[in-house]
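For reference, positions follow the sequence shown, starting with 1.
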Amino acid sequence: MLSEQSAPVVRATLPAVGAAIGEITELFYRKLFADRPELLRDLFNRGNQASGDQQRALAGSIAAFAGMLLEHPEVRPGAGLARIAHKHASLGISADQYPLVHRHLFAAIAEVLGDAVTPEVAAAWDEVYWLMADALIALETRLYQQAGTSPEHIWQRMEIVERREETPDAVSFVLRRADGAPAGPFRPGQYVSVRVQLPDGARQIRQYSLSSAPGDTHWRITVKRVRGGAGPDGEVSSWLHEHARAGDLLSVSMPFGDLVLPDGDGPLLLASAGIGTTPMLSMLAHLAGTGSERPVTVVHADRSPAGHAHRQELRELVHALPQASLHLWYEEPGTAPADGTGSPAGTAASGPDAAALAGAADAAAPVGQVTVSAGPVDVDALKLPEGLTAYLCGPLPFMRAVRGDLLRRGVPAASIHYEVFGPDLWLGRP
């Protein structure tokens with residue numbers, strides 16, 4: 001916790017620092033990359049830097065951590081930092097990088113706030129930084145130890161065994177270790193980092209959820225091609241779509257991530273949208289493979305059936321679980337693809353299901369274990385058992401909406417977990 005002398009200083013200056021934290025973090029990154037340009041080229045996500053998402057995420061995490069130290073001094077500092085620590089571990093962040101960050105961050109604070117940064121203020125915020133940094137270093141050290149590795153050895157060469165076009169914008173890759181050894185264990189819901197060398201020589205890194213069952217000798221990732229719209233297209237996803245083929249080698253990290261399926265028999269809600277289905281597939285495959293009888297409510301939202309990656313597999317996994325149900329929402333129901341991926345063997349795709357796929361907005365009656373509806377997800381249409389644990393993955397607007405609806409229906413915030421692809425802009429939310 002903060003020392004007695006620093007706590008009142010941080011409390012008094014938090015509004016001013018908070019108001020300027022966006023400017024501070026933007027300047028911090030400029031200083032950092034001017035000093036160490038290889039970090040932008042080979043470590044940080046250039047797309048997130050260009051959009052400002054990384055700056056906003058860092059600003060949010062610092063302000064939230066300072067607020068927690070003041071308002072909840074009894075809470076262990078590392079408790080709210082696990083998601084950052086897992087992301088850092090997947091990148092191979094090491095303890096010796098934190099002094100570098102400290103130097104440029106505090107130079108930015110001094111430049112932005114000027115004379116307001118007295119020695120007393122500098123000492124208090126220095127304490128905040130090192131409490132946060134030391135907590136992260138401890139968490140990351142533990143993660144490396146649990147994985148039996150170190151920051152320098154998280155990367156392994158993996159061969160693409162199979163490439164499969166799941167939708168026009170999503171492709172899956174089945175991976176095995178290049179040395180022939182089993183791919184290795186992971187917990188359902190975790191992700192790996194993939195590092196590729198781009199045409200300009202940069203080695204960019206992105207995280208992708210493992211979408212296969214733990215215990216397989218191979219891993220599988222599914223990559224959605226990021227189309228930038230107003231911004232640039234995704235560098236790594238575009239490269240993988242255009243260049244990665246069976247027989248190629250990729251540099252892949254060991255698995256990390258804290259959105260993992262818990263042990264036990266309590267009821268689950270797995271809610272995803274778009275490519276956010278991937279960690280849910282791993283969780284469902286694990287449940288099916290272990291013969292689980294847990295009550296599982298599976299919710300997925302997508303633009304259309306044709307754009308729903310792993311649609312048939314999702315249905316088959318739900319069909320294999322005796323107490324599972326699947327609820328699909330499509331913005332543009334259209335018609336089912338001609339390849340017959342609308343339903344697994346033994347599950348009818350007629351009646352309300354077929355009507356919804358043809359575009360009927362009110363077709364939400366069940367067909368076996370499946371309901372299909374048009375429009376956005378309607379949490380009020382779901383039966384939510386007591387003691388539910390919810391897992392969310394997908395675009396931020398989707399997760400905000402579903403989380404808000406779950407809270408309104410009485411699901412405790414502590415029972416709602418989420419995964420963000422990219423910088424976590426939710427840090428500090430209750």
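- Here the CE-CD1 distance, from Met132 to Ile137, works out to 11.5 Å after rounding to the nearest 0.5 Å.
- In summary, the side chains of Gln207 and Ser90 do present a donor paired with an acceptor at a separation below 3.5 Å, with no hydrogens or angles considered.
- Residues Asp200 and Arg46 share a closest heavy-atom pair of OD2-NH1, 2.9 Å.
- Here Trp329 pairs with nothing under the ring-ring contact (aromatic ring centres under 6.0 Å, His included) rule; sequence neighbours left out.
- No close placement of the Phe28 and His104 rings is indicated, their centers lying 6.0 Å or farther apart.
- Side-chain atoms of Arg294 come within 3.5 Å of backbone atoms of Gly266 as a donor-acceptor pair (strictly under, hydrogens ignored).
- Cation-pi geometry between Arg41 and Phe33 is not satisfied (NZ or CZ under 6.0 Å from the ring centre, within 45° of the ring normal).
- A distance-only check finds no donor-acceptor pair linking the side chain of Glu159 to the backbone of Leu175 [under 3.5 Å].
- Between Asp248 and Arg245 there is no salt bridge, since no side-chain nitrogen of the basic residue lies less than 4.0 Å from a carboxylate oxygen of the acidic one.
- Ring geometry, His300 versus His308: the interplanar angle falls under 30°, so the pair is classed parallel (tilted spans 30 to 60°).
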Full working for side chain to side chain contact (heavy atoms under 4.5 Å, CB included) between Leu43 and Ile93: CA-CA 9 Å; Leu43 180 63; Ile93 298 296; 3.8 Å; yes

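- Among Ser211, Ser212, Ser172, the single residue meeting the side-chain hydrogen bond (donor to acceptor under 3.5 Å, both in side chains) criterion with Arg220 is Ser211.
- The minimum heavy-atom distance linking Val236 with Ile205 is given by the pair CG2-N, 4.5 Å.
- Rounding to the nearest 0.5 Å places CH2 of Trp239 at 8.0 Å from CG of Leu198.
- With rounding to the nearest 0.5 Å, the separation of OG1 in Thr25 from CD in Gln54 is 9.5 Å.
- Glu140 and Arg142 are not joined by a salt bridge, as no carboxylate oxygen comes within less than 4.0 angstrom of a charged side-chain nitrogen.
- When Leu139, Leu136, Leu58, Asp258 are each tested for a side-chain contact (heavy atoms from CB on, under 4.5 Å) with Ile84, only one passes: Leu136.
- The pair Arg225-Asp233 fails the salt-bridge criterion, with no side-chain N (NZ, NE, NH1 or NH2) lying under 4.0 Å from an Asp/Glu carboxylate O.
- Interatomic distance, Leu91 CG to Ser193 OG, rounded to the nearest 0.5 Å: 5.0 Å.
- A cation-pi contact, defined as under 6.0 Å to the ring centre and within 45° of the axis, links Arg195 to Trp155.
- Distance check, rounded to the nearest 0.5 Å: CG of Leu69 to CE of Met1 gives 9.5 Å.
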Check against ring pair (Phe, Tyr, Trp, His ring centres under 6.0 Å), His102 and Phe106: CA-CA 6 Å; His102 174 269; Phe106 275 74; 4.5 Å; yes

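- Contact between Pro214 and Arg187 at its shortest, heavy atoms only, is CG-C, 4.3 Å.
- Note that NE2 of His286 is 6.0 Å distant from CG of Leu261, once rounded to the nearest 0.5 Å.
- In this structure, Leu249 and Met158 have side chains that are not in contact, with every pair of non-hydrogen atoms separated by 4.5 Å or more.
- For Phe173 and Tyr208, the ring centers sit 6.0 Å or farther from each other.
- For Glu111, the salt bridge (charged side-chain N to carboxylate O under 4.0 Å, His left out) partners are Lys31, not counting sequence neighbours.
- A heavy-atom distance below 4.5 Å is not found between the side chains of Phe256 and Phe186.
- When all heavy atoms are compared, the tightest approach of Val117 to Ala110 is CG2-CA, 4.1 Å.
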